[in-house]
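Let me begin by handing over the structure; questions about it come next.
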Amino acid sequence: MSNFPIDTMSGVDPVSIPDFMSPEGMRALQLTKLKKLVKTCYERVPLTRRRMDEKGVKPEDIKTLEDIKLLPFMMKTDLRDEYPLGLTAAPMSEVVRFHCSSGTTGKPIVICNTKNDIEVWSDGVARSLAMDGIGKDDILQVSYGYGLFTGGLGLHYGGELRGCTVLPTSGGNTDRQLMLMRDLGVTVIACTPSYFIHLMDEAQKKGIDFRRDMKLKHGIFGAEPWTDEMRERIECETGIEAHDIYGLTEISGPGVASSCGCHEGLHVFEDHFYPEIIDPDTLEPLPDGEWGELVFSTLDRTGTPMLRYRTRDITRIIPGVCKCGRTIRRIDRISARSDDMLIIRGVNVFPSQIEAGLMSVDKALPHYHIYVDREGDLDNLEVKIEVTSETISDDIKSLELLRRNIAAAIQKIINISIKVTLVEPNSLPRSEGKLNRVTDYRKIKK
Ligand code: ADP
Ligand code: ZN
């Protein structure tokens with residue numbers, strides 16, 4: 001990081017210095033790196049070369065950052081079509097680790113990481129932790145799964161780089177997770193938000209009180225969409241601060257972007273990962289503030305470099321500078337993947353809107369599942385929600401009132417009628433990793 005003016009940044013943690021670069025300095029750095037990336041992809045990735053030739057674009061045509069719009073996109077389908085290694089730009093002797101992303105159908109996608117790629121990725125995670133004030137005095141329990149999925153190893157390497165004491169529990173075995181968390185005085189946990197909610201439930205069953213019995217101060221939650229309302233619920237019930245971390249295997253893993261203490265969006269580590277927001281229909285870049293599809297170019301990656309990779313995640317660049325003083329740009333909380341959008345009677349509905357409505361009602365548990373079906377020509381949307389063990393003993397009238405309040409809160413947001421059913425505690429699916437909250441029978445029946 002020697003190209004940053006360390007002496008003028010007194011008081012800033014050295015790992016965070018790029019977060020405070022001047023926007024002009026950042027743009028200049030990005031342009032230099034982008035030119036190199038385009039040249040590498042043109043020379044070493046046949047698919048990109050072919051597409052650039054078809055468009056009549058040469059690496060020398062990239063003279064400004066805006067010229068990026070001349071370049072072709074990359075998609076998840078490209079990674080599948082080129083399975084397993086067609087997009088690799090480095091010799092295998094330089095690749096130190098594979099990761100795979102599941103996707104929903106068919107073959108996984110394979111990503112090659114060189115030593116440099118692991119360092120860049122770990123830097124993003126370490127800067128995410130630094131942003132939340134986490135450092136060498138912290139004990140970090142990594143309850144994301146270890147393996148082909150990037151969550152576990154991503155937090156592990158980033159946590160070690162940051163100097164934390166890492167406890168690599170991986171997912172599962174909830175009793176042991178809670179025991180170690182308590183006995184070792186864990187101060188930070190990293191896992192999916194849905195798994196943390198599961199840990200909260202199990203702790204409650206065992207009579208463990210987070211404030212009284214644990215030293216936990218921070219949660220690093222990501223890998224799946226979750227809402228601000230869910231964050232407030234977690235913070236209020238456990239007393240910890242819940243942070244949002246975003247990333248994807250195709251670009252590196254967790255630590256592409258992270259929330260700071262202001263909790264107004266996620267800062268993108270844009271010296272490594274160059275963000276754009278495009279209109280998914282016209283594919284034209286959108287100005288700051290407008291919602292669209294997030295696209296990334298990996299400015300430093302050498303194993304499987306990505307040029308204008310379409311993430312299918314929906315967000316916007318938040319205009320203006322964050323109160324924390326960081327100059328790196330922010331994206332809004334990822335409310336949904338475009339693939340998660342449900343079209344119900346012609347209306348677009350995202351599961352996160354349902355969650356936001358639900359969480360605004362007191363006494364509603366954060367365990368819910370969405371069912372979509374079609375009867376004749378009509379789409380039906382049903383949300384099943386677990387009640388708490390205390391609420392279950394309430395009289396029928398109070399339960400009906402709770403049910404109606406939940407339905408009204410959700411309907412106010414999504415503007416279509418919905419069936420709400422209250423179900424018994426522990427009757428809905430739980431997950432150790434990413435939780436699928438939607439069953440769409442219309443797709444299953446097809
Ligand atoms: P897979 O594609 O198999 O699910 P990944 O772990 O690479 O594997 O998933 C990355 C995706 O997870 C992102 O594109 C995004 O949709 C989702 N994701 C990751 N972090 C977050 C987050 N903090 N908020 C919302 N969604 C997230
Ligand atoms: Zn900030």
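One-based numbering, in listed order, for ligands and for the atoms of each. Scope of the values below: all heavy atoms of this structure, side chains included, with no hydrogens, waters or symmetry mates. For reference, positions follow the sequence shown, starting with 1.
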Any N/O of D244 closer than 3.5 Å to an N/O of ligand 1?
yes
Find all atoms of ligand 1 within a distance of less than 4.0 Å from any non-hydrogen atom belonging to K76, and give their numbers and elements.
2 (O)
Does any N or O atom in W226 lie less than 3.5 angstrom from one in ligand 1, N or O only?
no
So which bit of D313 gets within less than 4.0 Å of ligand 1, heavy atoms only: side chain, backbone, both or neither?
side chain
Suppose you place the vertex at the Zn ion (ligand 2); what is the angle out to H267 NE2 and C322 SG, to 10°?
110°
Tell me which one of C100, G247, S101 gets a heavy atom nearest to atom 10 (C) of ligand 1.
G247
Angle at the Zn ion (ligand 2) (to 10°), with one arm to SG of C324 and the other to SG of C260:
120°
Examine ligand 1 and decide if any of its atoms is less than 4.0 Å from a heavy atom belonging to R312.
no
Just to be sure I'm reading this right: ignoring hydrogens, which of H243, R337, E224 gets closest to atom 4 (O) of ligand 1? Compare them by their nearest heavy atoms.
R337
For V12, is there any backbone N or O sitting under 3.5 Å from a side-chain donor or acceptor partner on S16?
no
Is there a polar contact, in the sense of an N or O pair closer than 3.5 Å, between F149 and ligand 1?
no
Assess R333 for proximity to ligand 1: is some non-hydrogen atom of it under 4.0 Å away?
no
